[in-house]
Asker: 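Supplied in structure tokens, the structure appears directly below.
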2 protein chains.
Amino acid sequence: MAHQFKNDLAGFKADLEGIAIEENPALVKQKSRDFFWYSPVLKRQLDHVTADLIVTPKDEAEVVRIMKAAFAHDVPITARGGGTGNYGQAMPLSGGAVLNLAELNKVKSITPGSVVAETGAIVAQIDKETRAHSQQELRMHPSTANTASIGGFVAGGSGGVGSIRWGGLRNLGNVIRLRVVTAEAEPRTLDLTGWDLHKAVHAYGTNGVITEVEMPLTAAYDWVDVLVGFDDWMTAVRYADELAHADGLLLKEIAPIAAPVPHDYFLRHQKFIRREQSVVVLMVAPQSMDAFLAFTQRAKGEVLIRYDQASPADLKGLPPAFELCWNHTTLRALRVDPSITYLQTLYSPPDHIEKIETMTRIFGDEVPGHLEFNRFDGRIAASGLSLVRFTTEARLEEIIRIHEDHGCPIFNPHRYTLEEGGMKQTDEIQLAFKKEVDPKGLLNPGKMIAWEDPNYDYRSQKTYLFPGLQQAS
Amino acid sequence: MAHQFKNDLAGFKADLEGIAIEENPALVKQKSRDFFWYSPVLKRQLDHVTADLIVTPKDEAEVVRIMKAAFAHDVPITARGGGTGNYGQAMPLSGGAVLNLAELNKVKSITPGSVVAETGAIVAQIDKETRAHSQQELRMHPSTANTASIGGFVAGGSGGVGSIRWGGLRNLGNVIRLRVVTAEAEPRTLDLTGWDLHKAVHAYGTNGVITEVEMPLTAAYDWVDVLVGFDDWMTAVRYADELAHADGLLLKEIAPIAAPVPHDYFLRHQKFIRREQSVVVLMVAPQSMDAFLAFTQRAKGEVLIRYDQASPADLKGLPPAFELCWNHTTLRALRVDPSITYLQTLYSPPDHIEKIETMTRIFGDEVPGHLEFNRFDGRIAASGLSLVRFTTEARLEEIIRIHEDHGCPIFNPHRYTLEEGGMKQTDEIQLAFKKEVDPKGLLNPGKMIAWEDPNYDYRSQKTYLFPGLQQAS
Ligand SMILES: Cc1cc2nc3c(=O)[nH]c(=O)nc-3n(C[C@H](O)[C@H](O)[C@H](O)COP(=O)(O)OP(=O)(O)OC[C@H]3O[C@@H](n4cnc5c(N)ncnc54)[C@H](O)[C@@H]3O)c2cc1C
Ligand SMILES: Cc1cc2nc3c(=O)[nH]c(=O)nc-3n(C[C@H](O)[C@H](O)[C@H](O)COP(=O)(O)OP(=O)(O)OC[C@H]3O[C@@H](n4cnc5c(N)ncnc54)[C@H](O)[C@@H]3O)c2cc1C
């Protein structure tokens, strides 16, 4: 269904009287990018991509007007929150308008157990307000909480800090309600709940523009950041796994990272870490500290630093522990060594530990281990965010293939489509919903293969290339 | 090490000037009993058991004086909280004094994530105060919350409502600190934390008298009580299991109970339940209701009643849903049919569903199913509290043996010792601690086989009979 868009910008702008529009090419390009450059593959493919203009609504009514104009004038619309996504999720492959939702940023209401916020609200800001209101916080947040929007998290993220307790965003109950504006001649606003949420969660903004989200909250604590060191990587992994299985210990984050990554790339923490130490990064509830320390001592883990007892001198300039985790691990490595990239792997139980051991044995320091423990359908699993010392795209593909041959599926972060980064199959529910709410395919073109090419063969092993992708000039 | 106690009551009383003592035989007998009569076996063995007197301290200093006097005069001491324990846990097998801790009942302090209370504080009262203070509650409570003491729960209980999220009391982190008074010539007060907690948790008061507990708290919600009906038992079980694995749904209780138990024995709920319906009893957080209902609808469960939307007429006289669960299921059955008793089974993952199905096939309505889903070392497991339509002790033993032969271990509720009701082996840590803090064996005599008979052979298949057990008159 991929087609050329008329992209009548003059008509589009004429309909948007009173709504903020930015056309300065440098600023437009800046807001057309995300963290796609993590991937050497995407960097090559997408570096030239830019929108024609940025449009910044200040409320839902303006979003409706914009979508109506987009439909009338056939202008592709790529929604954007904080622009911290990876994989070029928020990049306007066919040009058109980037819909900047940063100004829809109010926290609208807080009750025991839930919060309603506008899509552009910054994740950390929500936590700040819910804490002040009633000692509550979101169940999970990306490690980019300080810059990411809640709508962008739901549309583009998967989970993060807190997923060890609550699983991922895809799990029923981790989003309560989404309000979306459709891309139709007369845009509708729909409130999605229950199973319907799946239509728009993790759809990269291809299935309606989210204007408002309702998320569950949980109790907020003064989480204690702790780094625990082990001289052996697999000992660190097993410690993390057992900790994750300890039902009475309340933790918000458990991430083992293999030596020498912590020492070499966590520059501000370097003084606490020996080079041969693999580190488990943790966030522990204060009421669990006693038990956690007893557990750690028995496991012979070395507490390298606990933030609650560190001196002001030691704490100075230290980022929070969660900014060593998730994709921040990769970011810190990239800053020191730009040749580094990464993979996303699922090590599913019950033999996740054995699989991790096998990958470690095969790749050694070419693919240094980084795991995020989390809950996966009620079971403890490990998500790999292994670093890769990148050499060639061919070798990268080979590394991916070897993982998959050993039962470790890869969610490929070097692809810009939903399917290739995900389950490698058509999501019939999302496809049907797109047909309903976005008949012209205006929303984030090129991201849903099932829409663009219904006959695409996912087993072809080839990378999907969106025919509508802007040509590099 | 079992020996006859001098039990010099005159000397004991003389030392307790100013401390409340009760000697009226009827009142003493009443406070010497618990819910042992659930078991026809224990009823036969223990019905005659009574203390010589009840002593009721009002603070820790009085507890210390009592323990010093007990040591000096060789008087056995059986601690008692609410007296709601099963298995004769709080029954003074060798007479002596029952130490009634009901007046040590203050909630001493509440912080984000934890509460400190005196041992005799009623569990529901703690929740009431922590809710009022900061919208917090205990992670788990027994279904007897309205009458049980927190110290009795820790010393005699195992878990309960909330264990689906937090596991059991035995899990590191589910008790933060216990303060115990020893049974020595000069009684000491010890604060146990970390691994040391195991010395006194679930020790039936054989390892020191608890005076104060510190417990973790979690967020309190207006839990919605829901009963969901299925026409097929195993469908109900599978629904419960999947629900328990749904990480994004916050539930505090998941208990499937096989037809015709709900209809026949839940008299106040009878009007909502058809006789052929198996029922899953649930407590759902309000913020999870939408998702929960979506889940239940897809599973074709029939919502029989949800308390948040029931009419005042329907709600009138209805007990809370959790008082249909745990040992309350048995209690309600016993009230209608006194011949009923029960078993405690562990169906451990990953094949817990298959095991349940096998037991159902073998026993049918002789052993109607009742399961409590909970977390067990990080995995979802089902604890069976199956009812048994009792015929003879021999048949009861046979039912137990068949369970065990099929890999379903029984925690025998028809035995009064720690070991026979538990792991059927010596707990070396608890034994060593008893030697240290109770050298005369004064605390709850007869409950720890390892102490009474170090050479006892647990594989003998025979019931342990405590030689010091009072003779029936
Ligand atoms: C260092 C680093 C660490 C990260 N850590 C994590 C992590 O822990 N967990 C995680 O899940 N992700 C992580 N990410 C990815 C990303 O930061 C998060 O998913 C973040 O929540 C995205 O929010 P955003 O506002 O920046 O979204 P954007 O990047 O602006 O958008 C993401 C996607 O959502 C769409 N979108 C945005 N707003 C809307 C809307 N209102 N309606 C419809 N579609 C919309 C966009 O079109 C795009 O497809 C990380 C990225 C980096 C660079
Ligand atoms: C209908 C019913 C439902 C139940 N449901 C549950 C359930 O859901 N979960 C569960 O775990 N149990 C359950 N039980 C068992 C029991 O009610 C609980 O374990 C309860 O918490 C015991 O508290 P209590 O104050 O009544 O203890 P008691 O019965 O007074 O004592 C229990 C044990 O602890 C010891 N003890 C009490 N206080 C102290 C102290 N201060 N120091 C040292 N030892 C002490 C006693 O000696 C005894 O061995 C149930 C019982 C019944 C009858």
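In the text below, chain A, chain B and the rest are named by the order of the sequence lines, each starting its count at 1. Nothing here was measured: the structure is a model prediction, and the numbers come from that model.
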Asker: May I ask you to check if Arg170(B) and Phe376(B) form a cation-pi contact, with NZ or CZ under 6.0 angstrom from the six-membered ring centre and within 45° of the axis?
Answerer: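 So Arg170(B) does make the cation-pi contact.
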
Asker: Do NZ/NE/NH1/NH2 and the carboxylate oxygens of Lys252(A) and Glu137(A) come within less than 4.0 Å?
Answerer: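 Yes, this pair counts.
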
Asker: Identify which of Gln135(B), Arg139(B), Gln136(B) forms the greatest number of heavy-atom pairs closer than 4.5 Å to chain A.
Answerer: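 Result: the option with the highest number of such pairs is Arg139(B).
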
Asker: Would you call the rings of Tyr239(A) and Phe295(A) parallel, tilted or perpendicular, taking 30° and 60° as the class edges?
Answerer: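 It falls in the tilted class, 30° to 60°.
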
Asker: Check each atom of Leu217(B) against the heavy atoms of chain A and say whether the ones under 4.5 Å are side chain, backbone, both or neither.
Answerer: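 Just its backbone gets close to chain A.
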
Asker: Could you check which of Asn174(A), Asp222(A), Thr218(A), Val175(A) has the highest count of heavy-atom pairs closer than 4.5 Å to chain B?
Answerer: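 Among Asn174(A), Asp222(A), Thr218(A), Val175(A), the one with the most close pairs to chain B is Asn174(A).
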
Asker: Looking at side-chain heavy atoms only, is the closest gap between Met289(A) and Arg306(A) below 4.5 Å?
Answerer: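 They are in side-chain contact.
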
Asker: Could you check which of Ile380(B), Ile176(B), Asn171(B) has the highest count of heavy-atom pairs closer than 4.5 Å to chain A?
Answerer: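 Option with the top pair count is Ile176(B).
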
Asker: Between Gly173(B), Gly168(B), Pro349(B), which has the largest tally of heavy atom pairs under 4.5 Å with chain A?
Answerer: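 Max contact count across the listed options: Gly173(B).
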
Asker: Where does Arg165(A) contact chain B at under 4.5 Å (heavy atoms): side chain, backbone, both or neither?
Answerer: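 Both backbone and side chain.
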
Asker: Does a salt bridge link Arg179(B) with Glu214(B), judged by any charged N lying under 4.0 Å from a carboxylate O?
Answerer: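 No, Arg179(B) and Glu214(B) are not salt-bridged.
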
